[in-house]
2 protein chains.
Amino acid sequence: MTTPIVARRSVSILDVARRAGVSASTVSRSLRGASNVSADTRDRVLQAAHELAYVPSPAASRLVTGRTHAIGVIVPFATRWYFSEVVGGAESVLRVAGYDLLLYNIGDRASRSHFFQTLPLRRRVDAVLGVASSFTDAEQQALTSLGLPLTMVGGRFNGFHRVGIDDEMGAATAVRHLVRLGHREIAMISGDPDDQVGRATTLARRAGFRRALGEAGIDAQPDQVVSEPWGVRGGIHAMEHLLSRARLPTAVFAESDEMALGALQTLRKTGLDVPGHISLVGFDDHEMAPAGDLTTVAQPVYRQGELGARILLGLLAGERSAATDIVLPTRLVVRGSTGPVQGRP
Amino acid sequence: MTTPIVARRSVSILDVARRAGVSASTVSRSLRGASNVSADTRDRVLQAAHELAYVPSPAASRLVTGRTHAIGVIVPFATRWYFSEVVGGAESVLRVAGYDLLLYNIGDRASRSHFFQTLPLRRRVDAVLGVASSFTDAEQQALTSLGLPLTMVGGRFNGFHRVGIDDEMGAATAVRHLVRLGHREIAMISGDPDDQVGRATTLARRAGFRRALGEAGIDAQPDQVVSEPWGVRGGIHAMEHLLSRARLPTAVFAESDEMALGALQTLRKTGLDVPGHISLVGFDDHEMAPAGDLTTVAQPVYRQGELGARILLGLLAGERSAATDIVLPTRLVVRGSTGPVQGRP
DNA sequence: CTGAAAGCGCTAACAA
DNA sequence: TTGTTAGCGCTTTCAG
């Protein structure tokens, strides 16, 4: 029923061995740069391999060594900007190192539970990169049971390596920027903290918001934080909520640029001027933030993917160290959506 | 030097065989649902496998069958919205079918030529999905030399299956919308046709632009099409070019939503009203198009990834057919960035 | 520094 | 329907 993938038998290590006049073991050693091969022999082998366009069979070497030279990347939403950036960064590092990247997208409830029940990456990867997820205890246990090196990017999993940013401080930076512009009535647009995905981020950024307000001696108000589902649409709705109140804030901090850009859209439709009537600051420096002239707090996302991959490669090369926690710097990017507080409309 | 990935020898097919009181072949047959196993035996095997938490070694089965159960996806820019959507769609289909997805990001010149010279997917995948690329003759030859099933999404490679949209018609749809609103002075913002990536798309969308103008009896003007590098920044600059002319168009068609959103940004900064002074229509229905209230032509991107993957799975299951060319429908999405032509500012 | 031999875990004839 | 046998292509002892 199934068709043969390769018609002609492809060249094997034995073909190379014959052509170079050596044994298969010597070919193997030469090709992997083992030290105990004479330079002369190695050159002959390399030459023969080149002439035959030899490509080693990963399956065979995996079978015997037990190492797959692949790493699994677990993301909740492969198509969102943040995640595709992380994946892109990781891919660039892994590709160069000769590692395959296996993508596991566990967005919806169904595929998530299926993933943790069957753990499809068993026997397929040497290590795992978890991206920006909060795992339940059961999920953590499942992951740990793999017995594989694990590193988190933008999420946290106690006892394992991590690379990320200081979300609380980043949020505080954004809000301090507003305070410095004279704003004292500041609202926050935020994702739903009950949402498993992004939960930790949401909580940290809310904490930063409150901290910066506290520093400025601004009392917390009820309804100061509006919760809506994460994303552009959530931002649109959250801003509609704010606008339906009797008294408007003079500035708004949005948990993510996606939500900020949605909020911006609502403001435009309402005819409110940004930043004349309301200042708006986001978080992430999404690729579309410039298109909205959005002031935001930038984080190096692609870079986090690169670093996460690097850490894993280090672990696979035998490095042992206590769980590292690499915190990359965030940076306020001032664009046109924020300005000094003015008289209200 | 390297550390063992699995400390304890993991359970093999022989362990399952022993526990079920059968031979390894019977286990193999049972697990793969072969027909020539008695229901009773199969159940015993499945039970034993379950109890031992047995997971077959992909490496071993790849080695003996020659099939990897993996497919390679080649994209020029893994992190761009369009490509991550396609990859997401393909992943969802492949994951369910038990296939791994190997991502090959060949964005820059260096990694692109490296990819085609070494063809790292040799022996690693059963089939290839090429996304929205124009390949040179040499690249096509390299790809063909793999002897693997190949399908294109959003690109074209004669003789191979393809799923995509009618870019020319989509562009024409966008421009007809403007014409219907009374616009006759319409400019186009477009990517650089000399850019290898996206070249075919650029040319097709330009053709659609010209066709719709022709239909409306509007003469082509010199400088009617502005070329800038693809993306938000390109859109910003392209609109700056248009605005620096003595006579402004009343409407602009942008080749992509990214360029359109960039253009929108420039218009806002200039204080021009959209659509009061200038109407703007994009292409793609990018996730951020709603955030800019951008009228656009939607194409089903995620779906194209799904279909591309389906086609490949069909081919791998032995289906043979002439090269299919699935053309998915595009759809005009009218938002707030277009309106009837008005007096000029 | 090099080769011979064994075996990784599975599947696919072939027999029974 | 089931078991036996022989590899798939490589790496890794262990000798030499």
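Every chain is numbered from 1 and lettered A, B, ... according to where its sequence line falls, protein lines coming before strand lines. Remember, it's a predicted structure, so these values are computed and weren't measured experimentally.
With salt bridges taken as basic N to acidic carboxylate O contacts below 4.0 Å, none links B:Arg199 and B:Asp195. A salt bridge is defined here as a Lys NZ or Arg NE, NH1 or NH2 lying under 4.0 Å from an Asp or Glu carboxylate O, and B:Asp108 with B:Arg112 fails to meet this definition.
When all heavy atoms of B:Ala20 and B:Ala48 are compared, the closest pair comes out as CB-CB, 3.9 Å. Contact detail for A:Ser145 and A:Leu119: the closest heavy-atom pair is OG-CD1, 4.0 Å.
Of all the residues in residues 37-47 of chain A, A:Val37, A:Ser38, A:Thr41 reach under 4.0 Å from DNA chain C with at least one non-hydrogen atom. Sorted by residue number, the members of residues 52-65 of chain A with any non-hydrogen atom under 4.0 Å from DNA chain C read A:Leu63, A:Val64. Residues of residues 20-29 of chain A that place a heavy atom closer than 4.0 Å to DNA chain C, in numerical order, are A:Val22, A:Ser23, A:Ser25, A:Thr26, A:Arg29.
Distance CG (B:Leu31) to P (C:dG9): 16 Å, rounded to an integer number of Å. For A:Arg18 and D:dG9, the CZ to P distance is 12 Å, given to the nearest whole Å. Atom CD1 of A:Ile13 and atom P of C:dA4 are 14 Å apart (whole Å). Atom CZ in A:Arg67 sits roughly 15 Å away from atom C1' in D:dT12 (whole-Å rounding). Computed from coordinates, the B:Arg32 CZ to C:dG9 P distance equals 18 Å when rounded to whole Å. Distance, A:Asn36 CG to D:dT13 C1': 13 Å, rounded to whole Å. Atom pair A:Leu14:CG and C:dA4:C1' shows a separation of 12 Å (rounding to whole Å applied).
For A:Ser10 and B:Arg123, the side-chain atoms include at least one donor-acceptor pair closer than 3.5 Å. Counting only N and O atoms by type, the side chains of A:Arg32 and A:Ser28 include a donor and acceptor under 3.5 Å apart.
Enclosure of atom CG in B:Asn158 is not indicated, since only 12 or fewer non-hydrogen atoms of other residues, nucleotides or ligands lie within 6.0 angstrom. Shown here is B:His114, whose NE2 atom has no more than 12 heavy atoms of other residues, nucleotides or ligands within 6.0 Å.
Ring-plane geometry between B:Phe135 and B:Phe116 is classed as perpendicular, the angle between the planes exceeding 60 degrees on a 0 to 90 degree scale with a lower cut at 30.
Partner of B:Ile311 under the side chain to side chain contact (heavy atoms under 4.5 Å, CB included) criterion, out of B:Val93, B:Leu150, B:Ile326, B:Val153: B:Ile326 alone.
The cationic atom of B:Arg80 (NZ for Lys, CZ for Arg) lies less than 6.0 Å from the six-membered ring centre of B:Phe77 and within 45° of the ring axis.
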